[in-house]
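Notes follow the structure.
Throughout, a chain's letter reflects where its sequence line sits, starting with A, and its residues are numbered from 1.
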There are 2 protein chains.
Amino acid sequence: MAAVDAAEKRTQAKNAYNAFLAACPSRQLLDRISDRWVVLIMCALAGDGAGNAAGPVSMRYSELSRLIAGVSQKMLTQTLRSLERDGLVTRTVTPTVPVTVDYALTDLGLSLYRTARGLRLWAQDHMDDVRARRDAYDADR
Amino acid sequence: MAAVDAAEKRTQAKNAYNAFLAACPSRQLLDRISDRWVVLIMCALAGDGAGNAAGPVSMRYSELSRLIAGVSQKMLTQTLRSLERDGLVTRTVTPTVPVTVDYALTDLGLSLYRTARGLRLWAQDHMDDVRARRDAYDADR
DNA sequence: CGGAATCCTAACCGATACTG
DNA sequence: CAGTATCGGTTAGGATTCCG
């Protein structure tokens with residue numbers, strides 16, 4: 001009995017939220033957040049889109065749509081919904097005519113932004129490096 | 001003329017590698033790296049998979065395949081190829097019988113790992129928070 | 001304005017079989 | 001062992017139309 005319990009504990013401690021495991025819930029969460037639109041929306045709502053507002057901002061649906069070029073309204077809505085569901089953004093409806101909807105980061109969303117931001121910046125900062133490596137690779141084929 | 005040059009300069013400075021722009025090359029790079037397999041492979045090759053090897057490791061194809069549960073050999077190969085092309089990992093073939101192939105992070109890959117790791121850890125660390133928010137959201141529908 | 005609903009196709013991706 | 005090649009299903013995701 002004691003041996004079984006100990007073994008169980010070890011297994012649990014080892015496996016608790018390990019994204020390397022296919023069945024782990026954190027794997028699904030990783031799937032969700034490693035998405036281009038998620039990263040860009042996070043960055044937008046954190047204020048990275050403005051000149052340098054330096055701080056989280058509240059943005060309307062149409063503002064997001066304009067800032068994040070190329071996103072279809074379907075994907076934008078879909079992504080925002082899942083982010084809202086996961087507690088990463090808030091959705092505020094103001095009953096003007098026509099209606100006004102604002103999105104903003106929650107604290108949880110802000111914490112994700114902190115690392116998502118790195119991804120976007122890395123892409124921008126190392127674009128030239130990657131291009132060079134890519135050209136070199138393609139050269140000898 | 002001077003006015004035009006100044007305007008051009010401002011535009012270039014503002015737009016140089018801005019992932020918010022659909023046409024920007026860094027957007028495509030962002031698409032590539034915000035991928036579950038990329039994140040997991042980076043973490044694996046950085047040594048996050050081992051107990052705590054604390055440091056980049058070299059791994060064989062089959063080792064990666066075993067560590068990253070659920071990845072199909074097609075996706076693993078495909079992802080590794082693109083990572084190699086982009087200069088993020090090296091592929092070393094040792095002509096034993098049967099052949100041995102090792103993968104390892106480059107310096108560039110290591111720099112990406114530094115931020116990709118955050119994504120995986122965030123997913124693991126905040127799984128419970130997200131679950132709670134998700135349940136709360138689903139409750140009132 | 002901020003969506004929801006529908007349709008449709010391109011790609012992703014897994015499963016399988018075969019190879020050096 | 002470390003792949004390549006092919007096929008087929010699923011789905012992401014765009015375009016369009018309509019609604020409160």
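Listed pair B:Tyr103 / D:dC1 fails the phosphate criterion, with no side-chain N or O lying under 4.0 Å from OP1 or OP2. A close approach under 4.0 Å does not occur between any side-chain nitrogen or oxygen of A:Arg36 and OP1 or OP2 of D:dA12. Regarding contacts with the backbone of D:dG3, a side-chain N or O of B:Arg91 is found under 4.0 angstrom from either OP1 or OP2. The shortest distance between the side-chain N/O atoms of B:Arg60 and the OP1/OP2 oxygens of D:dA2 is below 4.0 Å.
Here the side chain of A:Ser65 pairs no donor or acceptor atom with the backbone of A:Tyr61 at under 3.5 angstrom. In this structure, the side chain of B:Ser26 does not engage the main chain of A:Met127 through any donor-acceptor pair within 3.5 Å. In this structure, B:Thr77 contributes its side chain and B:Gln73 its backbone to a donor-acceptor pair below 3.5 Å. Proximity of a side-chain donor or acceptor of A:Arg27 to a complementary backbone N or O of B:Ala69 within less than 3.5 Å is detected.
In this structure, B:Gln78 atom CD and D:dT6 atom P are separated by 15 Å, rounded to whole Å. As a whole-Å value, the separation of B:Arg81 CZ from D:dA2 P is 12 Å. Atom CE of B:Met59 is separated from atom P of D:dG3 by 14 Å (rounded to the nearest Å). Remark: P of D:dT4 and CG of B:Leu76 are 11 Å apart, rounded to the nearest angstrom. Atom CE of A:Met75 is separated from atom P of C:dG3 by 15 Å (rounded to the nearest Å).
Both B:Val101 and A:Trp37 lie close to DNA chain D; mapped to their nearest nucleotides by heavy-atom distance, the more 5′-ward contact belongs to B:Val101.
Under the 4.0 Å criterion applied to side-chain N and carboxylate O atoms, A:Arg117 and A:Asp48 are not assigned as salt-bridge partners. Classification of B:Asp86 and B:Arg32 as a salt-bridged pair holds, one side-chain N sitting under 4.0 Å from a carboxylate O.
Listed nucleotides C:dG2, C:dC7, D:dC7 differ in distance to A:Lys74; the shortest reach to its side chain belongs to C:dC7.
No side-chain heavy atom of B:Leu67 sits under 4.5 Å from any side-chain heavy atom of B:Leu40.
Proximity of residues 61-73 of chain A to DNA chain D (heavy atom under 4.0 angstrom from any strand atom) is restricted to A:Ser72, A:Gln73.
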